[in-house]
There are 2 protein chains.
Amino acid sequence: MKEEITTILKRNSLSVTASREKILTLFLGQDVALSHSDIEKKAGEKFDRVTVYRTLQTFTDKGIIHTIPTVDNAILYALCKDNCTQGHHHDQHVHFICDKCAQTFCLDNVVTPDVKLPQGYTSQQIEVVVKGVCKACKK
Amino acid sequence: MKEEITTILKRNSLSVTASREKILTLFLGQDVALSHSDIEKKAGEKFDRVTVYRTLQTFTDKGIIHTIPTVDNAILYALCKDNCTQGHHHDQHVHFICDKCAQTFCLDNVVTPDVKLPQGYTSQQIEVVVKGVCKACKK
DNA sequence: AAATAAAAGCAACATTGTTGCAAAATTTAA
DNA sequence: TTAAATTTTGCAACAATGTTGCTTTTATTT
Ligand SMILES: [Mn+2]
Ligand SMILES: [Mn+2]
Ligand SMILES: [Zn+2]
Ligand SMILES: [Zn+2]
């Protein structure tokens, strides 16, 4: 895993630092989206809050992670699984928020549906967030 | 308009106060979504910030307005046009954010598309936010 | 008009996010 | 391998946003 992380960072011409390794480990270790405060907690007191902000910004810029909109004013971040690059994300997948466990998942295989807009509107990007009960919680 | 506002408030068993009238006026006066800070600015220095927070919360609870998720950590609020009620919103419409004018619109006539989820997931609510160029900006 | 109920304002505080700059760590070049 | 150059980090100070308890004011009911 350590190797994978180095590869990702190098590929994006980022220096390999402790905080970047740690934060990337968190994302690779599970498949749910994380908020800034999740990361701040899980990364422990090892890193400054500012560093976390800057790291998430850098990763987003580089296309290593992407953001997920929520109604409750908390940006979520998740790993990009497609080959997103600097300034060019193409995660056209649906996101799912579970009402029971409150976790957010990338449904990488569920492609964003098309939307028929009224005359005059041009679509550039479509975000779809579904709320409901996830697979694990349904049982 | 003043009359309409009173009707709305009474219907929701809310007392008619200056701040509620003012904030509701802002929503009725145009068809774009407003952020908390938009409202704070437009409502002027007349009201305390806390009052604005509480009013938006109350209106949302009652189903007078609804929230719109955005990727940049700024909740937007817009009038409910359906007959939403306490604890029961049903604004199943698409939202549109214009990249040029940065305004957000409710596309009340564009119904949220269905999404086919993987086995085991249950959908309860679907949020669709489209980014692009709006009618006015296209010209 | 008085009593009751509800909302507003204020203060104090918590959380979240931003910026400039010096110190530390990483990368590059010698 | 070491020194220089570059990048990143941590710190401090600050700004913006959001929350809570309590008192005063305003609106509604009797
Ligand atoms: Mn995703
Ligand atoms: Mn809407
Ligand atoms: Zn769940
Ligand atoms: Zn526009």
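What you see below is based on every heavy atom in this structure, not just the backbone, and it leaves out hydrogens, waters and symmetry mates. Because the structure is predicted, anything quoted here is derived from the model rather than measured. Numbers restart at 1 for each chain; the letters A, B, ... are given by sequence-line order, proteins then strands.
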* Kindly state each residue pair satisfying salt bridge (Lys or Arg N to Asp or Glu O under 4.0 Å) with at least one member in residues 27-38 of chain A, sequence neighbours excluded. => none

* **d(OH, B:Y53; C1', C:dT15) in whole Å** => 11 Å

* **Toward the 5' end of DNA chain D, by each residue's nearest nucleotide, B:I75 or B:V16** => B:I75

* Between A:V128 and A:I126, is a side chain to side chain contact (heavy atoms under 4.5 Å, CB included) present by the stated rule, with each step listed? -> CA-CA 7 Å; A:V128 177; A:I126 302 177; 4.0 Å; yes

Report all side-chain donor-acceptor pairs from residues 92-112 of chain B shorter than 3.5 Å, counting only partners two or more places apart or in another chain.
{"from": "B:H93", "atom 1": "NE2", "to": "B:H95", "atom 2": "NE2", "distance (Å)": "3.1"}
{"from": "B:H95", "atom 1": "NE2", "to": "B:H66", "atom 2": "NE2", "distance (Å)": "3.1"}
{"from": "B:D108", "atom 1": "OD2", "to": "B:K81", "atom 2": "NZ", "distance (Å)": "2.9"}
{"from": "B:T112", "atom 1": "OG1", "to": "B:Q92", "atom 2": "O", "distance (Å)": "3.1"}

* Could you note down all residue pairs passing side chain to side chain donor-acceptor pair (under 3.5 Å) where residues 47-59 of chain B supplies at least one of them, sequence neighbours left out? => B:Q57-B:D61

* To do: Scan nucleotides 4-13 of chain C nucleotide by nucleotide, 5' to 3', and note B when protein non-hydrogen atoms come under 4.0 Å of the base, S if they reach only the sugar-phosphate, - if neither.
  => --SSSBBB--

* Residues in ring-ring contact (aromatic ring centres under 6.0 Å, His included) contact with B:F59, at least two apart in sequence or another chain -> none

* Partners passing side-chain contact (heavy atoms from CB on, under 4.5 Å) against A:A18 (at least two apart in sequence or in another chain) -> A:F47

* **Partner set under ring-ring contact (aromatic ring centres under 6.0 Å, His included) for B:Y77, not counting sequence neighbours** => none

* Looking at residues at least two apart in the chain, or sitting in another chain, which of them share a side-chain contact (heavy atoms from CB on, under 4.5 Å) with A:K138? -> A:V133, B:T122

* **Axial bend angle, the helix from C:dA1-D:dT30 to C:dA30-D:dT1: five-pair end segments, nearest 10°** => 30°

* Mind checking which nucleotides bracket the chain B contacts on DNA chain D, 5' to 3', with an atom under 4.0 Å from a heavy atom? -> D:dT17 to D:dT28

* Mind calculating the distance between NE2 (B:H36) and P (C:dG17) to the nearest angstrom? => 16 Å

* Residues that A:Q125 engages under side chain to side chain donor-acceptor pair (under 3.5 Å), provided they are two or more places apart -> A:E127

Table please: side-chain donor-acceptor pairs of residues 3-11 of chain B below 3.5 Å, with sequence neighbours left out.
{"from": "B:T6", "atom 1": "OG1", "to": "B:K2", "atom 2": "O", "distance (Å)": "2.9"}
{"from": "B:T7", "atom 1": "OG1", "to": "B:E3", "atom 2": "O", "distance (Å)": "2.9"}

* To do: Starting from P on C:dA25, measure out to CG on A:L9 and report it in whole angstrom.
  => 18 Å

